[in-house]
Chemist: 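For reference, the structure I am asking about is given below.
These numbers were taken from a predicted model, which means no experiment stands behind them.
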Protein chains: 2
Amino acid sequence: MRHRSVTYSPARHNEATFQALADPTRRAVLDLLRRGAQPAGQIASAFPVSRPAISKHLRLLRRAHLVREHREGRHRVYQLNPEPLRAVDSWIEQYRQFWTASLNNLKSFVESEYARELEVDSRKPK
Amino acid sequence: MRHRSVTYSPARHNEATFQALADPTRRAVLDLLRRGAQPAGQIASAFPVSRPAISKHLRLLRRAHLVREHREGRHRVYQLNPEPLRAVDSWIEQYRQFWTASLNNLKSFVESEYARELEVDSRKPK
DNA sequence: ATAATGCGTAACTGTACGGTTACGCGAATC
DNA sequence: GATTCGCGTAACCGTACAGTTACGCATTAT
C-alpha cells in the first residue's frame with residue numbers, strides 16, 4: 001500500500017530529503033550543525049525536547065543522508081552533509097522565475113544577478 | 001561549543017510550507033500547476049489516486065498558501081502561488097555555500113564571499 | 001572492578017496523514 | 001423539476017511520526 005506506480009515522476013530521489021525537512025526541529029538541527037560538527041548530546045541540549053527525541057530526529061536525518069555520524073570514544077559526532085539539499089534547490093529553481101515575475105509589478109526587470117543582490121539585502125530579521 | 005541559548009527558533013513561518021512539500025504527490029500537483037491553472041477534477045485525473053485524496057492534498061496546499069482557489073461555475077479552479085517558496089529558497093540559500101565548498105570535509109568556517117570564490121576553484125570530484 | 005557518561009533503542013501513547021468509499025450540495029443541463 | 005456533473009467532506013482504516021520513560025550497551029573515569 002505504501003508504493004504507488006511511478007507514472008507521474010514523483011522524484012523518489014528527493015523523497016527522504018523533503019520528508020526530513022518537514023519537521024522544524026530537524027531543520028533547526030541542520031541549522032545548528034552549520035556551525036560545526038557536534039556530539040548527539042550537545043545537539044540535544046540545544047532543544048527543549050528529550051534526548052531520545054533528538055536521537056530519533058538524527059536517525060531520520062541520517063536516513064536522508066543529511067548528516068553523517070562517526071564515533072569518537074563514547075561520543076557520536078554528527079556532521080552536516082548538505083549534499084542532498086542540492087536536489088531540493090534544483091526543484092525550487094524551477095519556481096524561481098515565477099516569483100520574480102509576479103513580484104515584478106515594479107518596472108525593474110531584474111536579471112538573475114541583480115535579483116540575488118536584492119534578496120540578500122532585504123533579508124527579514126525574523 | 002557552548003551557546004546553550006540557541007532559542008530554538010523553528011521558523012514557524014515556513015512550517016506549513018515545508019510540511020506541504022513533504023509529500024511527492026503535492027509536489028507533483030505544484031509541478032502540474034506550473035503549466036497553468038486547472039480545476040480540481042482535471043488535476044485529480046492526472047494522478048493514480050482517488051479524487052478525494054487529491055482534494056485533501058489541495059486542502060493542505062491551500063493551507064500553506066501554495067495554491068489559490070476560485071470558483072468558475074461548478075468548477076473550482078486552482079492556481080499556483082509560488083510566493084511561499086521564497087522562504088524555502090532563502091533557507092536553502094544558507095546552505096548553498098556548503099555543498100560545493102565542503103566536499104573536502106574541511107569544516108570550512110569560510111566567509112560567504114570567500115566561499116563563493118573558492119568553490120569555483122576547488123573542484124574535487126569526491 | 002565499579003561507577004558514571006553518552007547515546008541508541010524498545011515500548012507505549014497521541015496525532016496527523018494518505019488512502020478509500022459513501023454522501024451531500026450547488027451549478028449546469030434536460 | 002429532475003438529473004447529471006464537479007468537488008468538498010465525513011467516516012473509517014492503517015501507518016508513520018513526535019514525544020515520553022525505561023533500559024541496555026559501550027566507553028571513560030575512579
Chemist: Given dG19(D), dC17(C), dC17(D), which nucleotide is nearest the side-chain atoms of Thr25(A)?
Modeler: dG19(D)
Chemist: Do Leu60(B) and Leu32(B) share a hydrophobic cluster (ILVMFWY, side-chain heavy atoms under 4.5 Å, transitive)?
Modeler: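 Per the 4.5 Å side-chain linkage, Leu60(B) and Leu32(B) are not co-clustered.
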Chemist: For Gly73(B) and Arg63(B), take the nucleotide of DNA chain C holding the closest heavy atom to each; which residue's nucleotide lies nearer the 5' end?
Modeler: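 Its nearest nucleotide being more 5', the pick is Arg63(B).
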Chemist: Going by the side-chain hydrogen bond (donor to acceptor under 3.5 Å, both in side chains) test, which pairs reach into residues 44-64 of chain B, not counting sequence neighbours?
Modeler: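 Matches after skipping sequence neighbours: Arg26(B)-His57(B), Arg62(B)-Tyr78(B).
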Chemist: Without decimals, in angstroms, what is the distance between Glu15(A) CD and dC17(D) P?
Modeler: 10 Å
Chemist: Taking only residues two or more places apart in sequence, or in another chain, which ones meet Glu69(A) in a side-chain hydrogen bond (donor to acceptor under 3.5 Å, both in side chains)?
Modeler: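 side-chain hydrogen bond (donor to acceptor under 3.5 Å, both in side chains) check on Glu69(A) returns Arg76(A).
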Chemist: Measure NE2/His57(B) against C1'/dT20(C) and give the value in whole Å, please.
Modeler: 12 Å
Chemist: Return the nearest nucleotide to the side chain of Ala53(A); candidates are dT20(C), dG19(D), dG18(C).
Modeler: dG19(D)
Chemist: Quickly work out the Ile43(B) CD1 to dG6(D) P distance and round it to whole Å.
Modeler: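 Interatomic distance, CD1 of Ile43(B) to P of dG6(D): 14 Å.
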Chemist: What's the CD-P distance between Gln19(A) and dA16(D), to the nearest Å?
Modeler: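 Going from CD in Gln19(A) over to P in dA16(D) covers 10 Å.
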Chemist: Counting primed atoms plus P, OP1 and OP2 as sugar-phosphate and everything else as base, spell out the protein contacts along nucleotides 3-13 of chain C at 4.0 Å heavy-atom distance: B, S or - for each nucleotide, 5' to 3'.
Modeler: -BBSBBB-B--
Chemist: In whole angstroms, how far is the C1' atom of dA18(D) from the CZ atom of Arg26(A)?
Modeler: 9 Å
Chemist: Phe47(A) CZ to dA18(D) C1': how many Å, rounded?
Modeler: 14 Å
Chemist: Taking the six-membered ring of Phe18(A) as reference, does the NZ or CZ atom of Arg27(B) fall below 6.0 Å from its centre and within a 45° cone about the axis?
Modeler: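 Judged by the rule, Arg27(B) and Phe18(A) form a cation-pi pair.
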Chemist: If you compare all heavy atoms of Gln94(A) against all heavy atoms of Asp31(B), which two are closest, and at what distance to 0.1 Å?
Modeler: OE1-OD1, 4.4 Å
Chemist: Within the structure shown, what part of the strands sits under 4.0 Å from Glu72(A) by heavy-atom distance: base, sugar-phosphate, or nothing?
Modeler: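 Glu72(A): no heavy atom of the nucleic acid under 4.0 Å.
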Chemist: Verify the cluster assignment for Leu61(B) and Val77(B): are they in a single hydrophobic cluster under the rule of side-chain heavy atoms below 4.5 Å apart?
Modeler: no
